[in-house]
Each structure stands twice: as structure tokens, then as C-alpha cells.
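The structure appears right after this line, and notes come after that.
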2 protein chains.
Amino acid sequence: MYWMKQKGSNAERELVRMFWNKKWACCRVAGSGSAPQALPDLLAGNTLRRLAIECKATGKEKQRISVSQAKQLIKFSQMFGAEPWIGIRFDREEWYFLMLDDMKTEKGYSISLSNAKLKGLIFDELIGIFRQERLEAFS
Amino acid sequence: MYWMKQKGSNAERELVRMFWNKKWACCRVAGSGSAPQALPDLLAGNTLRRLAIECKATGKEKQRISVSQAKQLIKFSQMFGAEPWIGIRFDREEWYFLMLDDMKTEKGYSISLSNAKLKGLIFDELIGIFRQERLEAFS
């Protein structure tokens with residue numbers, strides 16, 4: 001259990017550094033796993049956008065999000081004025097960022113690595129670098 | 001030293017609850033005192049505004065902010081897209097919220113309790129309740 005928490009914390013810290021490296025401000029939220037309020041793991045922002053991110057690091061081929069976690073992420077994001085995102089770091093893969101809609105199943109929320117690759121955004125896409133490249137293609 | 005940290009943490013938690021009670025989302029930032037990046041103590045937001053708050057709880061009659069703390073608060077706030085605020089909880093007083101400009105001295109940033117009462121906003125004013133009342137007076 002301690003090892004799993006450590007793995008999650010390390011993944012979160014890695015993502016925080018990635019945001020700062022791209023000139024986004026980013027921080028881990030204190031007590032995100034235990035506070036009475038609905039809290040995401042990370043908040044990231046630039047002058048235009050704010051992201052509330054629930055982070056998962058896993059060695060499995062599939063990642064699940066509980067319905068209550070999903071609800072809390074949506075609630076916080078709506079109140080704070082942020083976009084709700086799930087960030088998943090499968091072992092030996094880069095980060096994939098998913099909207100909850102893309103993880104919806106009959107029973108709740110989950111996604112396999114292969115579907116995360118199909119439906120998810122990689123980090124550069126999440127922060128809009130990919131989108132700028134695509135826009136340039138049209139100009 | 002431990003006692004001072006505890007006092008600060010308790011004050012931060014009190015302020016977090018005050019925001020949630022007024023339907024603002026608010027969280028404490030992990031590692032705000034120790035992270036390599038410039039981090040505020042609290043982030044609060046609603047659909048319109050985002051506040052980055054450096055919190056101080058003191059038994060003295062005067063509160064000082066170091067120049068480096070002030071710079072970090074400004075830097076984070078600009079990057080994240082938030083308003084930078086200093087929240088001060090003098091013993092047996094309510095919270096006062098100050099802009100750094102109102103704390104500027106020749107040597108750095110500081111403010112006395114009496115000046116905080118003159119120049120600071122109380123909590124309801126910070127989140128705009130006072131402003132709405134004033135606007136109503138004009139209509």
C-alpha cells in the first residue's frame with residue numbers, strides 16, 4: 001500500500017515538473033486523498049486555462065476511476081472554473097490524458113492502455129501544442 | 001517551531017472551510033513551504049475568479065512578508081492566472097486580505113494590525129459580497 005502511494009506521488013511530481021518546464025504553473029493539492037472536500041490531485045494553469053487533474057499510475061493494462069472520484073472531480077472543476085482531466089501513467093508509457101466521457105462504461109469509468117492511446121491526449125496535446133500545429137496546417 | 005507551523009496549518013484549514021462554506025472551491029497547496037517552484041499556500045476559485053493566497057497567522061502586532069515570498073506569489077499568480085493576495089490572521093481578529101502594494105515599505109513588505117484594518121479586505125469583501133452590497137446602494 002505504501003509502495004502504491006509512493007508510485008502515485010512520484011508520478012504526480014513528474015507531471016508537476018513537466019508543466020513547469022512548459023511555463024505552466026502547477027501544484028499538488030494537499031490532502032487530495034483524504035480531505036472532506038472534493039479535491040483533485042493536481043491543479044495546473046496558464047493565463048488562459050486551468051486544469052484539475054486526477055492522476056493515476058498503474059502497472060496494469062487497465063485503469064478504473066470510481067464513480068465517486070469522477071463526481072468529485074467534476075464538482076471541484078465546476079466550482080473552481082477548471083477543466084476536469086484524468087491523467088494516467090501506465091508503466092513504461094508516457095502520460096495519457098482523458099476526459100471522463102471517454103472512460104464511461106456501463107459500470108463506471110475505466111480505460112485500457114490501448115484505448116487510452118486511441119482516445120487520450122499526450123502531454124503536448126493537453127497543453128495545446130499539438131492543436132497549434134494543426135491550426136498552422138490550415139493556414 | 002513546530003507550534004508555529006501548526007498554528008499556520010490550522011489557520012489555513014480554517015480559511016479553506018470558509019471558502020467552501022461560501023460555495024468557492026479551495027485547497028491547500030502541497031509543499032508550499034518547501035517545493036522548488038514558487039507556490040502559494042492556498043488556491044481558491046469560483047467560475048469567475050481565482051485567488052492565490054499566502055497565509056500568515058501571528059500573535060504579533062505586525063506581519064512581514066519577505067521580498068522572495070512576495071516575488072514568488074506574484075510569479076505563480078501571473079503564470080496560473082490568479083489574483084495574488086496576502087491573508088493575515090492576527091490573534092483574536094478576523095482574517096484581513098491585503099494586496100502586496102498595500103504592504104510595501106522601504107525595506108520590503110509588512111503591515112501592522114491597525115493598518116491591516118484600514119487597508120485590508122475582510123473575507124466577505126474579498127469574495128465580493130461587500131462589493132455587491134455597495135453596487136446595490138448605487139442602483
Side-chain angles (χ1 to χ4, degrees), chain A residues 5-6 8-55 69 71-85 87 126-128, chain B residues 5-6 8-55 69 71-85 87 126-128:
Chain A
K5 280 202 178 182
Q6 197 60 37
S9 298
N10 288 344
E12 288 174 20
R13 288 196 184 90
E14 176 191 54
L15 190 49
V16 167
R17 280 194 299 273
M18 288 163 66
F19 274 107
W20 283 95
N21 286 342
K22 297 289 184 176
K23 310 290 181 207
W24 282 59
C26 183
C27 61
R28 296 175 69 213
V29 171
S32 59
S34 58
Q37 302 92 1
L39 298 176
D41 292 316
L42 297 190
L43 284 173
N46 67 4
T47 45
L48 290 176
R49 293 168 63 200
R50 248 78 44 191
L51 317 182
I53 307 174
E54 186 72 29
C55 294
Q69 269 191 321
K71 278 187 186 167
Q72 290 195 334
L73 179 64
I74 291 167
K75 184 187 172 189
F76 181 94
S77 301
Q78 285 177 339
M79 288 179 74
F80 190 84
E83 307 166 25
W85 286 95
L126 177 72
I127 62 171
Chain B
K5 280 204 178 181
Q6 198 60 40
S9 298
N10 288 344
E12 287 174 20
R13 288 197 184 90
E14 175 191 54
L15 191 48
V16 168
R17 278 193 300 272
M18 287 162 67
F19 274 108
W20 284 96
N21 286 342
K22 296 290 184 177
K23 310 290 180 207
W24 282 60
C26 183
C27 61
R28 297 176 68 213
V29 172
S32 59
S34 58
Q37 302 93 1
L39 298 176
D41 292 317
L42 296 190
L43 285 172
N46 67 4
T47 46
L48 291 175
R49 294 168 63 201
R50 248 78 43 191
L51 317 181
I53 308 174
E54 185 72 30
C55 295
Q69 269 191 322
K71 278 188 185 165
Q72 291 196 333
L73 178 64
I74 291 166
K75 184 186 173 190
F76 181 94
S77 302
Q78 285 177 339
M79 289 179 74
F80 190 84
E83 306 165 27
W85 287 95
L126 176 73
I127 61 171

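Since the structure is predicted, the reported quantities are computational estimates derived from the model, not experimental observations. Throughout, a chain's letter reflects where its sequence line sits, starting with A, and its residues are numbered from 1.
Taking each heavy atom of A:Ala25 and B:Phe76 in turn, the nearest pair found is CB-CE1, 3.7 Å.
Residue A:Leu48: no heavy atom, backbone or side chain, is found under 4.5 Å from chain B. When heavy atoms are compared at a cutoff of 4.5 Å, A:Trp20 approaches chain B solely by way of its side chain, counted from C-beta outward.
Counting only distance, with no hydrogens or angles, the side chain of B:Arg28 and the backbone of A:Gly31 share no donor-acceptor pair below 3.5 Å.
Annotation: side chain of A:Arg50 is in contact with side chain of B:Phe80 (closest heavy-atom distance under 4.5 Å). A:Val29 is not listed as a side-chain neighbour of B:Val29, based on a closest heavy-atom distance of 4.5 Å or more.
Atom CG in A:Asp41 sits 11.0 Å away from atom SG in B:Cys27 (nearest 0.5 Å). Atoms CG and CD, on B:Asn46 and A:Gln78 in that order, are 13.0 Å from each other to the nearest 0.5 Å.
Contact count against chain B (heavy-atom pairs under 4.5 Å) is highest for A:Ala44 among A:Ser77, A:Ala44, A:Pro40.
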